[in-house]
Amino acid sequence: DMECREIFYQINFVLEQALEKVNDYIETWLLFRMVWEIEIDKFMTKFEEKGLNVKEFESSMMKYYDVANQVMMQDTQVTVSFLTFDCSKLKSHVLDFIEMWKRGYKQTLCSTMIKKLEHLDETLTSRIKTLSEQPTNAAELDALLKLHDQSLKEFKNREAEMDEIRTYQQYLGKIF
């Protein structure tokens, strides 16, 4: 009969509206899905292989602080028509993933800084050892003098490497 149809349509309309609102609410959380979908270790490996620039690093790190702030502002309980959603566990898990990202960035920066220090140390130690050896003939003396001159020319590069390492260290000091 007509009255039953009208009630059915009204119920269907209310359900469709509720479903749309539920989908909208789900979409607000799906905006953060990159936090849990991207594999942190693989991403950090590629990030490190690319070569870390502290400005890029800081920018990426700040992105996760912004995402964390956005997640914190999300309501954990929402009522849609006759349904109440409690997303406090979801919020907590998303924030845990964000912490894992931050930790991954910090570890990558530390690892890169240590590798740069080790490389610099290895290079300098090798040079010092070679330059401190006593030459036994004129050819060896000539080679040592050339290495000495080359080392002096490379000194500016070494200073730049140290400045980069200092920048990493200063940034790590800020975030820890």
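Along the sequence shown, residues are numbered consecutively beginning with 1. A quick note: this is a predicted structure, and the numbers were derived from the prediction, not measured.
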Might you work through the salt bridge (Lys or Arg N to Asp or Glu O under 4.0 Å) test for R166 and D163, ending with a clear yes or no? CA-CA 5 Å; R166 272 189 217 98; D163 286 343; 2.6 Å; yes
Set out, in order, the CA-CA distance, both residues' side-chain angles and the distance that settles side-chain contact (heavy atoms from CB on, under 4.5 Å) for Y171 and M61, then state yes or no. CA-CA 11 Å; Y171 187 72; M61 192 74 174; 3.6 Å; yes
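The line from NZ of K115 to CD1 of I165 is 13.5 Å long, rounded to the nearest 0.5 Å. Atom OG1 of residue T112 and atom CD of residue Q107 lie 11.5 Å apart, to the nearest 0.5 angstrom. Rounding to the nearest 0.5 Å gives a distance of 8.5 Å between OG of S111 and CD of E118. With values rounded to the nearest 0.5 angstrom, E27 atom CD is found 6.5 Å from R33 atom CZ. For the atom pair OG1 (T45) and CD1 (I40), the distance works out to 11.5 Å, reported to the nearest 0.5 Å. Separating the NZ atom in K46 from the CD atom in E39 is a distance of 9.5 Å, to the nearest 0.5 Å.
L30 is connected to F85 through a chain of hydrophobic side-chain contacts under 4.5 Å among Ile, Leu, Val, Met, Phe, Trp and Tyr, so both are in one cluster. The hydrophobic cluster containing L120 also contains L172, counting ILVMFWY residues as joined when their side-chain heavy atoms lie under 4.5 angstrom apart, directly or transitively. Hydrophobic clustering of Ile, Leu, Val, Met, Phe, Trp and Tyr side chains at less than 4.5 Å, counting indirect connections, unites M62 with I38. No chain of hydrophobic side-chain contacts below 4.5 Å, direct or via other Ile, Leu, Val, Met, Phe, Trp or Tyr residues, connects L31 to L95. Side-chain heavy atoms closer than 4.5 Å link hydrophobic residues (I, L, V, M, F, W, Y) into clusters, and following such links, possibly through other members, connects Y65 to V71.
The number of heavy atoms from other shown groups lying within 6.0 Å of CD (Q10) is above 12. In this structure, E159 places its CD atom where more than 12 heavy-atom neighbours from other residues, nucleotides or ligands lie under 6.0 Å away. Counting non-hydrogen atoms of other residues, nucleotides and ligands closer than 6.0 Å to CD of Q134 gives a total of 12 or fewer. For K21, the NZ atom is loosely surrounded, since the number of other residues' heavy atoms within 6.0 Å does not exceed 12. Around CE of M72, the count of heavy atoms belonging to other residues, nucleotides or ligands within 6.0 Å does not exceed 12. The local environment of CG in D41 is sparse, with at most 12 non-hydrogen atoms from other residues, nucleotides or ligands closer than 6.0 Å.
At a cut-off of 3.5 Å, with distance as the only test, no side-chain donor of Q74 or Q70 sits close to an acceptor on the other residue. Side-chain contact of Y25 with W29: a donor-acceptor pair under 3.5 Å is present, judged by distance alone.
Of the possible polar contacts, none joining the S126 side chain to the E122 backbone as a donor-acceptor pair under 3.5 Å is found. S59 contributes no side-chain N or O that, together with a main-chain N or O of K55, makes up a donor-acceptor pair within less than 3.5 Å. Within the 3.5 Å criterion, the main-chain N or O of S88 finds no donor-acceptor partner in the side chain of S92. The backbone N or O of I128 lies less than 3.5 Å from a partner atom in the side chain of S132, making a donor-acceptor pair.
In the hydrophobic clustering (ILVMFWY side chains linked at under 4.5 Å, chained through shared members), L147 is joined by L131, L144.
Y168 meets the ring pair (Phe, Tyr, Trp, His ring centres under 6.0 Å) test with no other residue; sequence neighbours excluded. In terms of the ring pair (Phe, Tyr, Trp, His ring centres under 6.0 Å) criterion, F97 has no residue partners (sequence neighbours excluded).
Using a cut-off of 4.0 Å between Lys/Arg side-chain N and Asp/Glu carboxylate O, K102 and E99 are scored as salt-bridged. In summary, E161 and R158 engage in a salt bridge, as defined by a charged side-chain N under 4.0 Å from a carboxylate O. Salt-bridge check for K153 with D149: failed, with every basic side-chain N at 4.0 Å or more from each acidic carboxylate O.
Note: F57 and F47 have tilted aromatic rings, judged against thresholds of 30 and 60 degrees for the angle between ring planes.
Contact of the M113 side chain with the L109 side chain is not registered, since no non-hydrogen atoms from C-beta on lie closer than 4.5 Å. Side-chain contact between F32 and E37 is absent, with no heavy-atom pair separated by less than 4.5 Å. Two residues are said to be in side-chain contact when any heavy atoms from C-beta on lie closer than 4.5 Å; E56 and K50 meet this criterion.
Shortest non-hydrogen contact noted between R127 and S151 is NH1-OG, 3.0 Å.
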